[in-house]
Amino acid sequence: MTSNDDHQSHRHDTDATARFLAARDFLLERRGAYEDAYAHFTWPRPERFNWALDWFDRIAAGNDTEALRIVEEDGTSEAVTFADMAVRSDVAANWLRGHGIAAGDRIIVMLGNQRELWEVMLAAMKLRAVVIPATPLLGPNDLRDRVERGGARHVIVRAEDTGKFDDVPGAYTRIAAGDDVPAGWLRLSDMYDGGVATAFTPDGPTLADEPLMLYFTSGTTARPKLVEHTHASYPIGHLSTMYWLGLRPGDVHLNISSPGWAKHAWSNVFAPWNAGATVFIHNYTRFDAQRLMAEMDRGAVTSFCAPPTVWRMLIQSDLGALRTPPREAVAAGEPLNPEVIDKVRQAWGVTIRDGFGQTETTLQVGNFPGVPVKPGSMGRPAPGYKIVLVDPVTGKESADEGELCVDLGTRPAGVMTGYRDDEQRTAEAMAGGIYRTGDIASRDSSGYLTYVGRADDVFKASDYKISPFELESALLEHEAVAEAAVVPAPDPLRLAVPKAYIALAEGWEPGPETARVLFEHSRAVLSPYKRIRRIEFAELPKTVSGKIRRVELRELTALGSAHEYDETELR
């Protein structure tokens with residue numbers, strides 16, 4: 001039997017909380033003072049840390065501010081305060097423990113943007129279980145891979161997705177959220193029936209370097225990797241993300257992201273709750289720009305984050321419909337094209353700030369609040385991160401362009417421990433005391449970094465290096481282009497020429513006339529060696545997380561197409 005003092009020492013680590021709070025407040029107080037923040041920020045490095053217990057429960061005590069607000073498509077909404085969320089996650093932890101979930105167990109969590117997702121996330125942290133986030137868009141084959149390679153002992157899914165597991169073998173606990181729960185599945189809502197204790201007692205302290213999350217990457221080029229994060233790397237590491245977002249206590253933050261992907265944890269869990277901000281969710285089945293802006297007005301959203309795909313759809317609508325633009329506007333997931341930034345600035349008087357990070361890390365590089373944004377640049381290194389550029393061929397450090405790498409000598413908290421069960425891939429990614437991102441960037445004399453492209457996307461034409469992102473940005477300046485992806489096309493003279501796959505904006509029809517207009521635009525805005533030489537109109541293939549699969553387009557291009565337009569033939 002443990003004493004009450006032992007219980008409290010297991011429940012909260014006061015020293016860890018104090019160090020985390022000090023680091024968080026340091027960044028909050030230096031909004032607009034990037035140089036000071038970068039020069040003097042140090043990561044808190046507690047030996048023991050459980051974010052749900054040591055941070056969330058502490059700021060939730062007696063806190064009636066909304067931690068979460070969810071607005072459904074039919075207009076109904078639900079809100080949960082910080083205080084209620086702490087209690088509900090305690091109940092969830094007790095109920096899950098009662099059904100066999102213990103420290104170290106791996107749980108596939110495949111829920112939508114519903115209250116239970118946040119309750120289960122906090123509960124799993126309190127239990128020291130390892131969460132394998134999964135999007136509800138996954139099918140049986142993907143789930144079989146996650147159960148097998150992820151070593152999942154439990155799954156928690158929406159009731160409507162239970163059928164996907166009929167052919168997924170394994171002796172795992174099946175738990176479903178919803179009303180129509182099939183036989184053989186536990187009903188998650190049973191935890192609210194009143195028979196579960198509301199006070200949670202941890203079974204021991206949480207070491208900061210214990211595994212917390214296992215992410216399967218989106219697989220734009222290869223089989224998904226298993227990225228492992230700890231109780232420090234994401235909860236503490238996302239202090240850099242909080243600083244980039246510009247969040248303050250009391251803010252209402254809307255981030256458009258699907259559950260199951262890293263960005264959801266970035267901006268719908270850790271960064272906003274690090275700041276004490278409200279997570280605002282608008283659920284919809286089909287994107288409607290006008291409805292989204294109406295909900296932003298009603299919800300008094302002060303901070304807005306969306307992937308470039310959403311921003312590109314927004315600028316095709318009447319941005320003036322938003323009466324009270326957010327104070328902060330950011331984009332992440334893929335680089336944001338400068339013309340999108342210009343259109344939003346003209347309409348809202350707000351500058352979208354780009355940022356860069358990966359599933360493997362937290363925010364590494366960003367344009368931070370109150371700091372001038374250079375058009376086309378993704379900003380400067382985040383506080384706590386030292387960024388170096390490395391020549392991908394020679395491996396030597398470069399001053400102006402190379403593979404963007406994180407210096408591990410400074411021990412940035414937000415970097416993964418490695419790729420689970422893949423020592424060779426981990427060693428390759430972290431050889432020489434750096435973490436290699438696989439992305440190429442350039443750096444100017446002021447230290448601003450500009451994205452060039454994935455190392456395997458950049459190609460040569462007539463011995464000139466071509467950045468697909470630069471050409472795509474140029475194409476997006478034209479009103480006819482909703483989305484674009486540029487890949488190399490085989491050419492007998494130049495070896496390769498830039499080919500653009502284009503999804504057209506509403507009101508434009510695919511055909512030779514539209515192709516001719518876009519070729520003329522390309523000649524007007526790009527240097528001769530960069531010009532688009534071939535165009536094909538098509539819907540762009542994407543991963544389930546929404547990223548363009550250029551590798552698939554490269555493969556299609558290599559096979560040749562009868563549907564493409566050649567610049568020389570249309571002149």
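All residue numbers refer to positions in the sequence shown, counting from 1.
- The backbone N or O of Tyr448 lies less than 3.5 Å from no partner atom in the side chain of Ser446, so there is not a single donor-acceptor pair.
- Asn94 contributes a side-chain N or O that, together with a main-chain N or O of Ala199, makes up a donor-acceptor pair within less than 3.5 Å.
- The neighbour count for Lys374 NZ, taken as heavy atoms of other residues, nucleotides or ligands under 6.0 Å away, is above 12.
- Put simply, CD on Glu228 and CG on Asp421 are 8.5 Å apart, with the number rounded to the nearest 0.5 Å.
- Tyr385 is not listed as a side-chain neighbour of Leu363, based on a closest heavy-atom distance of 4.5 Å or more.
- Each side-chain hydrogen bond (donor to acceptor under 3.5 Å, both in side chains) pair with one or both residues in residues 270-282, not counting sequence neighbours, appears once here: Trp51-Asn274.
- Judged as a salt bridge (charged side-chain N to carboxylate O under 4.0 Å, His left out), and not counting sequence neighbours, the contacts of Arg353 are Glu328.
- Considering only heavy atoms from C-beta on, Pro169 comes within 4.5 Å of Arg144 through its side chain.
- With rounding to the nearest 0.5 angstrom, the CZ atom of Arg153 is 12.5 Å from the CD1 atom of Ile132.
- Between the side chains of Thr359 and Lys225, no donor-acceptor pair of N or O atoms lies under 3.5 Å.
- Between Arg48 and Asp54, no side-chain nitrogen of the basic residue sits less than 4.0 Å from a carboxylate oxygen of the acidic one, so the salt-bridge criterion is not met.
- Remark: His238 NE2 to Trp244 CH2 distance equals 11.0 Å, nearest 0.5 Å.
- Checked against Arg128 for a side chain to side chain donor-acceptor pair (under 3.5 Å), the options Asn50, Asp203, Asp105 give a single hit: Asp203.
- With a 4.5 Å cut-off on side-chain heavy atoms, Leu96 and Ile175 count as touching.
- With hydrogens and angles left out, the side-chain atoms of Tyr419 and Glu360 include a donor and acceptor closer than 3.5 Å.
- Using a 4.0 Å cut-off between charged nitrogen and carboxylate oxygen, Asp161 and Lys164 count as a salt-bridge pair.
- A donor-acceptor pair under 3.5 Å links the side-chain atoms of Asn63 to the main chain of Ile59, judged by distance alone.
- A 4.5 Å side-chain heavy-atom check between Thr217 and Pro224 finds at least one atom pair inside the cut-off.
- Between Ser442 and Asp444, the side chains place no donor N or O within less than 3.5 Å of an acceptor N or O (distance only, hydrogens not considered).
- The closest side-chain donor-acceptor pair between Ser257 and His264, if any, does not fall under 3.5 angstrom.
- A side-chain donor-acceptor contact under 3.5 Å links Asp407 to the backbone of Gly409.
- The aromatic rings of Phe41 and Phe26 are tilted relative to each other, their planes meeting at an angle between 30° and 60°.
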| request: Could you check Asp90 against Asp57 for side-chain contact (heavy atoms from CB on, under 4.5 Å), going step by step and ending with a plain yes or no? | output: CA-CA 10 Å; Asp90 271 2; Asp57 281 2; 4.1 Å; yes

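- Note: Asp354 CG to Leu336 CG = 5.5 Å, rounded to the nearest 0.5 Å.
- Using a cut-off of 4.0 Å between Lys/Arg side-chain N and Asp/Glu carboxylate O, Asp84 and Arg88 are scored as not salt-bridged.
- A cation-pi arrangement is not found for Arg30 relative to Tyr38, the charged atom failing to lie both closer than 6.0 Å to the ring centre and inside a 45° cone about the ring normal.
- Once rounded to the nearest 0.5 Å, the distance linking OG1 of Thr302 with CZ of Arg248 reads 8.5 Å.
- Looking at heavy atoms from C-beta onward, Trp95 lies in side-chain contact with Leu186 at the 4.5 angstrom threshold.
- Residues Val390 and Arg436 form a side-chain contact, since some pair of their non-hydrogen atoms from C-beta on lies under 4.5 Å apart.
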#### Entry: Criterion side-chain contact (heavy atoms from CB on, under 4.5 Å) on Arg443 and Asp400, from CA distance to verdict
CA-CA 5 Å; Arg443 180 167 46 202; Asp400 53 6; 5.7 Å; no

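- Each salt bridge (Lys or Arg N to Asp or Glu O under 4.0 Å) pair with one or both residues in residues 59-71, not counting sequence neighbours, appears once here: Glu66-Arg69.
- Side-chain contact between Leu389 and Leu449 is present, with heavy atoms from C-beta onward closer than 4.5 Å.
- Here the side chain of Arg327 pairs a donor or acceptor atom with the backbone of Gly246 at under 3.5 angstrom.
- Here Phe49 contributes atom CZ and Phe20 contributes atom CZ; the two are 5.0 Å apart, rounded to the nearest 0.5 Å.
- Under 3.5 Å, the side chains of Ser240 and Thr362 contain a donor-acceptor pair of N or O atoms.
- With 3.5 Å as the limit, one finds no donor-acceptor pair spanning the side chains of Tyr435 and Gln364.
- A perpendicular orientation is assigned to the rings of Phe270 and Tyr234, their planes being inclined by more than 60° (bins at 30° and 60°).
- Two residues are said to be in side-chain contact when any heavy atoms from C-beta on lie closer than 4.5 Å; Phe56 and Met125 fail this criterion.
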